[in-house]
2 protein chains.
Amino acid sequence: MLNLQSPLSRKLTAFVALSDADLATLARFDRRRKTFHSGHEMIHEGEVNASAYILSTGWACSYKILPDGDRQIVDFQIPGDFLGLRSILFRTADHTVEAITRIEASEVLEPDLLDAFANAPRLATAVLWAASRDEAMVVEHLVNLGRRSAEERMAHLLLELGARLHLVGLGDEAGFDCPLTQYHLADALGLSAVHVNRVLRRLREDGLVTFQKGRVIVDAPARLRDLAGFDTAYLDQTGPLLR
Amino acid sequence: MLNLQSPLSRKLTAFVALSDADLATLARFDRRRKTFHSGHEMIHEGEVNASAYILSTGWACSYKILPDGDRQIVDFQIPGDFLGLRSILFRTADHTVEAITRIEASEVLEPDLLDAFANAPRLATAVLWAASRDEAMVVEHLVNLGRRSAEERMAHLLLELGARLHLVGLGDEAGFDCPLTQYHLADALGLSAVHVNRVLRRLREDGLVTFQKGRVIVDAPARLRDLAGFDTAYLDQTGPLLR
DNA sequence: CGGAGCTTTGAGACGGATCAAAACTCGTGG
DNA sequence: CCACGAGTTTTGATCCGTCTCAAAGCTCCG
């Protein structure tokens with residue numbers, strides 16, 4: 001029951017059928033397990049030869065800081081997600097990754113990845129697929145910022161997080177635990193923290209979602225999806241890729 | 001002088017040293033050359049098993065359409081860029097790609113890519129690098145929409161296009177030819193077309209950039225970069241990766 | 001029980017949207 | 001060679017969503 005143990009294998013096997021050999025190689029990614037405390041910067045923008053990680057417990061976020069000190073969060077990472085995968089190919093990391101909660105993660109070095117590509121082609125495909133999915137999420141976030149109102153953005157983000165968490169066995173249809181502050185939400189959605197607060201209140205008063213005390217409860221899933229224009233196509237790619 | 005002939009090889013060799021065998025494999029990507037007229041949708045959101053292309057002449061853009069008809073352009077593609085590379089791994093395309101001008105492009109099928117990955121590892125690395133760079137650009141666009149003012153966004157976009165065009169031998173320090181309408185700019189920057197017009201006027205009146213009659217002229221490069229907070233780090237990765 | 005970080009609320013300012021309409025550009029056909 | 005028309009650019013007036021500044025209330029850890 002390897003697949004049920006690790007959030008990553010649970011996520012990958014949902015989309016690519018992996019052989020036992022693939023799963024064994026995947027399991028080897030889990031050596032070098034480390035713990036980081038909340039707030040720790042695991043990868044720094046500008047850092048050379050940064051490592052990548054696979055997140056197994058806790059939440060992280062990746063962001064960029066502007067000259068004036070403003071921050072734009074690009075994505076949140078939850079168990080099963082890669083941290084800084086892109087920065088392995090780049091000489092210097094182009095973004096920062098920070099632990100939001102206390103985190104457990106396995107460090108992935110370049111040779112691990114190359115080994116996987118050479119010896120476990122199906123796994124390599126799966127990793128590539130995961131990277132493409134990450135990019136698809138960034139694209140959807142771009143659409144969010146460019147063309148949706150504050151409330152639509154918030155609805156979309158919460159629905160995405162819910163769907164992703166559900167996929168790795170955290171949270172269910174009703175809701176999920178969420179350690180994000182309103183500052184995190186603001187920096188992800190391109191809003192001010194003050195406005196985030198008002199938006200959350202309106203969504204709550206309209207009976208759509210409630211986000212309080214670290215828990216998100218989706219009160220009216222259908223109406224919320226409708227408001228956000230939320231389409232899971234970019235996330236789930238229904239059923240395993242065989243090829 | 002293969003590298004000077006194709007914009008793609010010119011771009012890739014700037015970052016990864018390619019062997020003659022790599023270059024030969026790369027040249028084989030150039031069979032199946034096709035022409036598309038301006039406005040043609042080469043890849044449709046939702047399309048299954050879409051092909052990818054390498055753009056050799058002309059401009060394209062990739063975008064998503066929202067339920068209410070709004071459009072968010074994710075990126076523009078210029079000669080040497082891949083079109084729809086991500087959609088090869090996905091069962092269905094998650095975005096649309098449309099020709100802005102008349103276009104010449106070479107169709108790349110899945111087997112071509114797999115062949116390259118199996119037989120030309122350095123080229124495979126280069127392709128992966130190109131995909132990572134595409135993602136880095138999307139991330140930078142996200143920052144643009146989330147945390148920059150309308151003028152900063154415009155300045156940033158024009159500087160990015162200039163830098164990318166320069167890299168493939170189109171345009172120089174002074175400026176470049178640009179077939180985009182103000183509607184394109186608006187949909188890329190998350191603004192209204194009317195506001196785009198006013199922003200361009202202000203930038204022109206401030207002596208920063210002039211965009212008129214299909215040509216962009218950078219009047220004050222240093223001041224423009226300063227306004228935009230433009231750092232080429234995410235684009236050029238100075239000097240060839242050897243590994 | 002104190003205090004730091006987070007959430008909540010109010011008042012006012014401002015960037016960019018929207019609506020409306022005129023002016024320009026350029027390819028096309030008469 | 002001119003007139004037309006579709007697409008594009010430009011400008012004005014007004015409106016609205018979100019920001020900023022300010023301050024109070026809450027929560028939870030030490």
Side-chain angles (χ1 to χ4, degrees), chain A residues 37-39 59 61 66 68-73 98-102 144-155 157 177-206 209-216 227, chain B residues 37-39 59 61 66 68-73 98-102 144-158 177-206 209-216 227:
Chain A
H37 60 268
S38 157
W59 290 51
C61 65
L66 293 166
D68 65 359
D70 271 3
R71 173 169 86 155
Q72 178 61 49
I73 292 180
E98 180 181 314
I100 290 177
T101 64
R102 189 177 157 285
N144 226 10
L145 294 197
R147 290 298 180 204
R148 286 196 256 253
S149 71
E151 274 149 50
E152 292 165 349
R153 287 183 214 181
M154 180 66 75
L157 174 58
D177 292 328
C178 178
L180 304 179
T181 68
Q182 294 181 358
Y183 288 96
H184 285 124
L185 296 173
D187 285 346
L189 297 175
L191 300 170
S192 69
V194 171
H195 200 59
V196 161
N197 184 277
R198 297 193 223 271
V199 166
L200 284 176
R201 170 157 50 119
R202 239 172 291 157
L203 291 177
R204 189 185 336 124
E205 288 173 355
D206 290 350
V209 238
T210 307
F211 182 1
Q212 267 168 345
K213 309 213 169 212
R215 176 137 191 107
V216 173
L227 169 66
Chain B
H37 61 268
S38 156
W59 290 51
C61 64
L66 294 166
D68 65 359
D70 270 3
R71 174 168 84 154
Q72 178 61 49
I73 292 180
E98 179 182 315
I100 290 176
T101 64
R102 190 176 156 284
N144 225 10
L145 294 196
R147 289 299 181 201
R148 285 195 257 254
S149 72
E151 274 151 49
E152 293 165 348
R153 286 182 213 181
M154 180 66 76
H156 195 279
L157 174 58
L158 295 179
D177 291 327
C178 179
L180 304 179
T181 68
Q182 296 182 357
Y183 287 95
H184 285 123
L185 296 174
D187 285 345
L189 297 176
L191 300 170
S192 68
V194 171
H195 201 59
V196 161
N197 185 278
R198 297 192 222 272
V199 166
L200 284 175
R201 169 155 51 119
R202 239 173 291 157
L203 291 177
R204 189 185 335 124
E205 288 173 354
D206 289 350
V209 239
T210 307
F211 183 1
Q212 266 168 346
K213 307 214 169 216
R215 178 142 188 100
V216 174
L227 169 67

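The chains referred to below are lettered A, B, ... by the order of the sequence lines, with proteins before strands, and numbering in each begins at 1.
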Discussion item. Donor-acceptor check, side chain of B/Thr101 to backbone of B/Ser38, threshold 3.5 angstrom: yes or no?
Written reply: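 A pair under 3.5 Å: no.
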
Worksheet item: Does A/Arg153 use its side chain to pair, donor to acceptor, with the backbone of A/Arg148 at less than 3.5 Å?
Response: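 Indeed, once roles are kept as given, a pair shorter than 3.5 Å links the two residues.
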
Report yes if at least one side-chain N or O of [X] is closer than 4.0 Å to OP1 or OP2 of [N]; otherwise report no.
X: B/Gln182; N: D/dT10; answer: yes
X: B/Arg201; N: D/dT11; answer: yes
X: A/Asn197; N: C/dT8; answer: yes

Just how far, in rounded Å, is [atom2] of [N] from [atom1] of [X]?
X: A/Gln212; N: D/dG25; atom1: CD; atom2: P; result: 19 Å
X: A/Leu145; N: D/dG17; atom1: CG; atom2: C1'; result: 16 Å
X: B/Arg215; N: D/dT9; atom1: CZ; atom2: C1'; result: 20 Å
X: B/Leu180; N: D/dG7; atom1: CG; atom2: P; result: 18 Å
X: B/Glu205; N: D/dT10; atom1: CD; atom2: P; result: 11 Å
X: A/Leu200; N: C/dC6; atom1: CG; atom2: C1'; result: 13 Å
X: A/His195; N: C/dA11; atom1: NE2; atom2: P; result: 17 Å
X: B/Phe211; N: D/dT8; atom1: CZ; atom2: P; result: 12 Å

Below 4.5 Å, heavy atoms only, C-beta onward: do [X] and [Y] meet side chain to side chain?
X: B/Leu185; Y: B/Leu200; result: yes
X: A/Leu203; Y: A/Leu227; result: yes
X: B/Leu145; Y: A/Gln72; result: no

Check [X] against [Y] and note the closest heavy-atom contact, atom names and distance.
X: A/His37; Y: A/Ala99; result: O-CB, 3.7 Å
X: A/Glu152; Y: A/Arg147; result: OE1-O, 4.4 Å
X: B/Ser192; Y: B/Ala186; result: C-CB, 3.7 Å
X: A/Phe211; Y: A/Leu180; result: CZ-O, 3.5 Å
X: B/Ala188; Y: B/Leu157; result: CB-CD2, 4.5 Å

Practice prompt. Please give the angle, rounded to 10 degrees, between the axes at the start and the end of the helix from C/dC1-D/dG30 to C/dG30-D/dC1, where five pairs define each axis.
Written response: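 It comes to 40° between the two terminal axes.
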
Worksheet item: Between the base of D/dG17 and the side chain of A/Arg198, is there a donor-acceptor distance below 3.5 Å?
Response: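 A donor-acceptor contact between them is absent.
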
Worksheet item: Does A/Arg147 or A/Ala193 map to a spot on DNA chain C nearer the 5' end, using the closest nucleotide for each?
Response: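 Comparing both residues, the 5'-ward one is A/Ala193.
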
Worksheet item: Heavy atoms under 4.0 Å, any strand shown: does B/Ser192 hit a base, just sugar-phosphate, or nothing?
Response: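 Since a base atom lies under 4.0 Å of B/Ser192, the category is base.
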
Practice prompt. Look at all strands and tell whether B/Gly190 reaches a base, only sugar-phosphate, or nothing, counting heavy atoms closer than 4.0 Å.
Written response: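 Contact class for B/Gly190: sugar-phosphate only.
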
Nearest of [options] to any side-chain atom of [X]?
X: A/Leu191; options: D/dT9, C/dA20, D/dT18; answer: D/dT18
X: B/Lys213; options: D/dT18, C/dT25, C/dA17; answer: C/dT25
X: A/Tyr183; options: D/dT20, C/dT7, D/dG12; answer: C/dT7

Fill in: Within residues 148-155 of chain A: residues closer than 4.0 Å to DNA chain C (heavy atoms)
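Close to the strand, none.
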
